[in-house]
Amino acid sequence: MSSSSGSSLNISSPLDPFDSSTSWSLAEDPSNSSSEPLRTLTPDLQPASTAVAVQEVSPWDIALCITGTLISCENALVIAVLFYTPTLRAPMFILIGSLAVADLLAGLGLILNFVFTYLVDSSVEFVTLMSVGLLISAFSASVLNILAITVDRYLSLYNALTYHTERTVTFTYVMVVFIWVSCLTLGLLPALGWNCLKDESKCSICRPVTKNNAVALAVTFLLVFALMMQLYLQICKIAFRHAQQIAVQHQFVAISTTKGVSTLSAILCAFGACWLPFAMYSIVADSSYPIIYTYATVLPATCCSVINPIIYAFRNPDIQKSLWMACCGCVPSNLSLRPRTSSDV
């Protein structure tokens, strides 16, 4: 600034807070030395960026997410094969397709649960209820579809002569719709008020499902498992009786029947090994129990949806043929082309 006499007058300018050369400190205000020291957090003490607390990722949740990805890929392949193969429209394949859809949703539910836990604010009630509702609906539909496939196999042996006239496609679709309506209703219960978000003492091992609802679901599963055991036992009895009635092919049929019984036993044991620990633990435990026990029982239960496509879809010669045709345009010579019926295991 220049004065009227032309001499230069230097005036001390105030500190520029945006000047990079200015160094602030926890000191007195330079504009008023007589005032009380102004205590401020200065730039040389303030952190450069706000620290964001990062939630530690549990290895169990990673394992569940990986399992969900595997489940989704397997069952998406099954659905694609059934959808693009017009010949696979029998009642048996409708039930297999419904099972694949249920397991696909279960896999997606596991992935979304991981996303909601670590990437989205899980404190929002809507997010929690939607995630849990999807998992309940999907896994319930998976179990009931397995039961429906078991009933279908039993009826195909018990009413072998009238099975194809009684078990129409329309009847099968009605049964599938009933299964899905029931399971969707179960999934909506937490969102309709049957949850423990406002009273943590009522929570089960799977928050926000209440202890009473978890026990009811577990007991229902045990009843379904008992019914499946009874049906498979009847299937074995019928198969052995058919083997004894065919004397000409006695040796061949006996070997085939023994193999079928072994397969049924493996299917039932795999289903029980996956779900029984979780069902029993849901009855005796609550939210106060260590979370590691919950993970240790939930992970095997989810693995059932990994096994289902192998047991009910990929072992089927018709589906195998469609897969080979889609992948390489040919069918292996050792692949059985005998039409497969619902009674086959």
Side-chain angles (χ1 to χ4, degrees), residues 57-58 60-80 95 97-148 176-197 203-218 220-221 224 274-275 278-279 281-282 287 291 294-295 297-309:
V57 181
S58 169
W60 290 99
D61 286 327
I62 295 176
L64 288 174
C65 185
I66 294 174
T67 303
T69 304
L70 181 59
I71 292 171
S72 301
C73 293
E74 280 185 317
N75 289 280
L77 180 60
V78 174
I79 293 172
L95 294 175
S98 179
L99 175 62
V101 171
D103 287 333
L104 174 63
L105 292 177
L108 294 177
L110 292 174
I111 298 173
L112 290 177
N113 184 68
F114 182 87
V115 173
F116 291 157
T117 301
Y118 295 102
L119 302 180
V120 180
D121 187 6
S122 59
S123 63
V124 180
E125 292 187 3
F126 172 76
V127 172
T128 303
L129 295 174
M130 185 178 70
S131 175
V132 172
L134 176 60
L135 290 173
I136 291 176
S137 298
F139 281 113
S140 299
S142 178
V143 171
L144 291 183
N145 275 293
I146 292 175
L147 176 62
V176 168
V177 169
F178 174 77
I179 289 174
W180 279 102
V181 170
S182 302
C183 294
L184 290 175
T185 302
L186 289 175
L188 287 174
L189 289 180
L192 295 177
W194 282 270
N195 60 70
C196 61
L197 292 177
C203 284
S204 66
I205 58 175
C206 296
R207 183 182 179 276
V209 179
T210 62
K211 174 67 175 178
N212 292 336
N213 286 355
V215 171
L217 290 173
T220 302
F221 166 79
V224 170
C274 290
W275 278 106
F278 179 69
Y281 187 67
S282 298
S287 58
I291 190 65
T294 302
Y295 280 121
T297 54
V298 166
L299 186 59
T302 60
C303 288
C304 185
S305 295
V306 178
I307 302 173
N308 287 340

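Because only heavy atoms are used, hydrogens play no part in the values below, and waters and symmetry mates are left out as well, while side chains stay in.
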Taking only distance into account, with no hydrogens and no angle test, what donor-acceptor pairs under 3.5 Å do side-chain atoms of residues 99-110 form with protein atoms, sequence neighbours excluded?
| from | atom 1 | to | atom 2 | distance (Å) |
| --- | --- | --- | --- | --- |
| D103 | OD1 | S142 | OG | 2.7 |
| D103 | OD1 | S305 | OG | 2.8 |
| D103 | OD2 | N308 | ND2 | 3.1 |

Exercise. Checking side-chain contact (heavy atoms from CB on, under 4.5 Å) for the pair I111/S72: CA distance, chi angles, key distance, verdict?
Worked result: CA-CA 9 Å; I111 298 173; S72 301; 4.0 Å; yes
For this session: Mark yes or no for whether S140, through its side chain, and S137, through its backbone, hold a donor-acceptor pair below 3.5 Å.
Result: no
Exercise. Taking side chain as C-beta onward, heavy atoms only, is N75 less than 4.5 Å from P309?
Worked result: yes
For this session: Verify whether one side chain among T294 and W60 offers a donor that lies under 3.5 Å from an acceptor in the other.
Result: no
Exercise. Side chains of N212 and W194: closer than 4.5 Å at any heavy-atom pair?
Worked result: no
Seminar exercise, completed: So CG of N213 and SG of C206: to nearest 0.5 Å the spacing works out to 12.0 Å
Kindly list each side-chain donor-acceptor pair under 3.5 angstrom involving residues 182-192, sequence neighbours excluded, with atom names and distances?
| from | atom 1 | to | atom 2 | distance (Å) |
| --- | --- | --- | --- | --- |
| S182 | OG | F178 | O | 2.9 |
| T185 | OG1 | V181 | O | 2.8 |

Exercise. Minimum heavy-atom separation for T297 to F278, with atom names?
Worked result: O-CB, 3.5 Å
Problem set entry | Exercise: identify the closest heavy-atom pair between A148 and L95 | O-CD1, 3.9 Å
Problem set entry | Euclidean distance, C304 SG relative to I146 CD1, rounded to 0.5 Å | 4.5 Å
Problem set entry | Check: W275 and F139 side chains under 4.5 Å, non-hydrogen atoms | yes
Exercise. So do the side chains of P208 and V132 get within less than 4.5 Å of each other, counting heavy atoms only?
Worked result: yes
For this session: Starting at CG of L147, measure out to CD1 of I179 and round the result to the nearest 0.5 Å.
Result: 7.5 Å
Exercise. Quick one: does K211's side chain have a donor or acceptor within less than 3.5 Å of a partner on S282's backbone?
Worked result: yes
Side-chain donor-acceptor pairs under 3.5 Å in residues 61-69, sequence neighbours left out?
| from | atom 1 | to | atom 2 | distance (Å) |
| --- | --- | --- | --- | --- |
| D61 | OD1 | Y295 | OH | 2.9 |
| D61 | OD2 | Y118 | OH | 2.5 |
| D61 | OD2 | Y295 | OH | 3.1 |
| T67 | OG1 | A63 | O | 2.8 |
| T69 | OG1 | C65 | O | 2.9 |

For this session: Apply the test side-chain contact (heavy atoms from CB on, under 4.5 Å) to residues R207 and N195: give CA-CA distance (whole Å), side-chain angles for both, the deciding distance (0.1 Å), then the verdict.
Result: CA-CA 8 Å; R207 183 182 179 276; N195 60 70; over 6 Å; no
Exercise. side-chain contact (heavy atoms from CB on, under 4.5 Å) between V143 and T220: does it pass, once the steps are laid out?
Worked result: CA-CA 10 Å; V143 171; T220 302; over 6 Å; no
